[in-house]
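Okay, structure first, notes after.
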Amino acid sequence: DPDKIRLIDEHLIGSDLAGRIAGSFWALSDPTRIRIIHALSLAELCNCDLASILGVTESAVSHQMRDLRLMKLVSAERRGRMVYYRLTDSHVRHIFEDTLKHVQEPAG
């Protein structure tokens with residue numbers, strides 16, 4: 001259907017934007033990063049709190065936070081010697097919550 005193709009062609013996102021979206025999904029493709037996102041959807045947390053909650057080293061958390069910060073999914077704020085993390089905005093929380101609902105739905 002040429003009209004449908006023309007309409008989609010006019011509104012289809014470009015390769016650059018598609019790449020940025022894919023990058024966000026890549027950042028969310030790791031179970032540890034997903035658990036970090038979930039924890040941060042519940043509260044702002046420091047690196048040591050995240051390490052304790054996840055049962056990993058602070059170094060491992062820092063490594064994951066680097067990727068999440070680069071993808072603009074979390075932001076960091078230094079308070080003295082501590083760095084506190086939070087989700088960048090409500091969009092990140094919605095992506096997580098919607099995906100969680102989706103995977104918990106019964107197959108059918």
Side-chain angles (χ1 to χ4, degrees):
D1 180 348
D3 291 333
K4 197 181 293 184
I5 290 171
R6 185 177 37 76
L7 181 66
I8 291 171
D9 226 14
E10 290 172 3
H11 298 329
L12 191 63
I13 62 174
S15 296
D16 182 56
L17 184 55
R20 290 174 36 209
I21 292 169
S24 291
F25 280 107
W26 170 85
L28 295 171
S29 68
D30 178 84
T32 300
R33 289 191 294 264
I34 288 295
R35 294 182 73 219
I36 290 169
I37 293 292
H38 187 207
L40 294 177
S41 76
L42 302 171
E44 179 181 83
L45 297 163
C46 67
N47 201 49
C48 58
D49 289 341
L50 283 164
S52 177
I53 290 166
L54 299 170
V56 299
T57 65
E58 288 185 42
S59 175
V61 170
S62 294
H63 175 76
Q64 298 297 346
M65 297 311 289
R66 180 182 157 281
D67 290 334
L68 292 170
R69 282 194 322 270
L70 285 173
M71 297 312 300
K72 299 179 183 174
L73 298 173
V74 301
S75 58
E77 180 183 338
R78 181 169 293 282
R79 296 182 200 151
R81 294 182 329 141
M82 304 294 287
V83 177
Y84 286 84
Y85 297 99
R86 68 181 142 308
L87 298 182
T88 302
D89 56 39
S90 62
H91 297 110
V92 178
R93 178 177 284 104
H94 292 296
I95 290 167
F96 172 77
E97 290 172 351
D98 287 346
T99 304
L100 180 61
K101 287 176 191 173
H102 173 72
V103 299
Q104 290 177 328
E105 287 178 352

Inter-residue atom distance Glu44.CD - Asp49.CG, 0.5 Å rounding: 10.5 Å
Atom pair CZ/NE2 of Arg66 and His63 - distance to nearest 0.5 Å: 7.0 Å
With rounding to the nearest 0.5 angstrom, report the CZ to CD1 distance, Arg93 to Ile37. 10.0 Å
Shared ILVMFWY cluster between Leu100 and Ile53, side chains joined below 4.5 angstrom? yes
Do Phe25 and Ile36 share a hydrophobic cluster (ILVMFWY, side-chain heavy atoms under 4.5 Å, transitive)? no
Nearest heavy-atom neighbours spanning Cys46 and Met82: SG-CE, 3.4 Å
Would you say Leu73 and Ile21 are hydrophobically clustered, going by side-chain heavy atoms of ILVMFWY under 4.5 Å? no
Note: Ala76 and Arg69 closest approach over all heavy atoms is CB-CD, 3.9 Å
Grouping I, L, V, M, F, W and Y whenever their side-chain heavy atoms are under 4.5 Å apart, do Ile34 and Val56 come out in a common cluster? yes
Cys48 versus Glu58, closest heavy-atom pair with distance: CB-OE2, 3.5 Å
Quick check: closest heavy atoms across Leu50 and Ala39, and the distance to 0.1 Å? CD2-CB, 4.0 Å
Glu77 and Arg79: which non-hydrogen atoms are nearest, and at how many Å? OE2-NE, 3.4 Å
Between Arg6 and Asp9 (salt bridge meaning N to carboxylate O under 4.0 Å), is one present in this structure? no
May I ask you to decide if Ile95's main-chain N or O and Thr99's side chain share a donor-acceptor pair within less than 3.5 Å? yes
Candidate list Leu70, Leu40, Val83, test side-chain contact (heavy atoms from CB on, under 4.5 Å), partner Met65, passing option: Leu40
Check the pair Asp67, Trp26 against side chain to side chain contact (heavy atoms under 4.5 Å, CB included), reporting the backbone distance first and the verdict last. CA-CA 10 Å; Asp67 290 334; Trp26 170 85; 3.8 Å; yes
Which pair of non-hydrogen atoms, one from Asn47 and one from Ser62, has the smallest distance, and what is that distance? ND2-OG, 3.2 Å
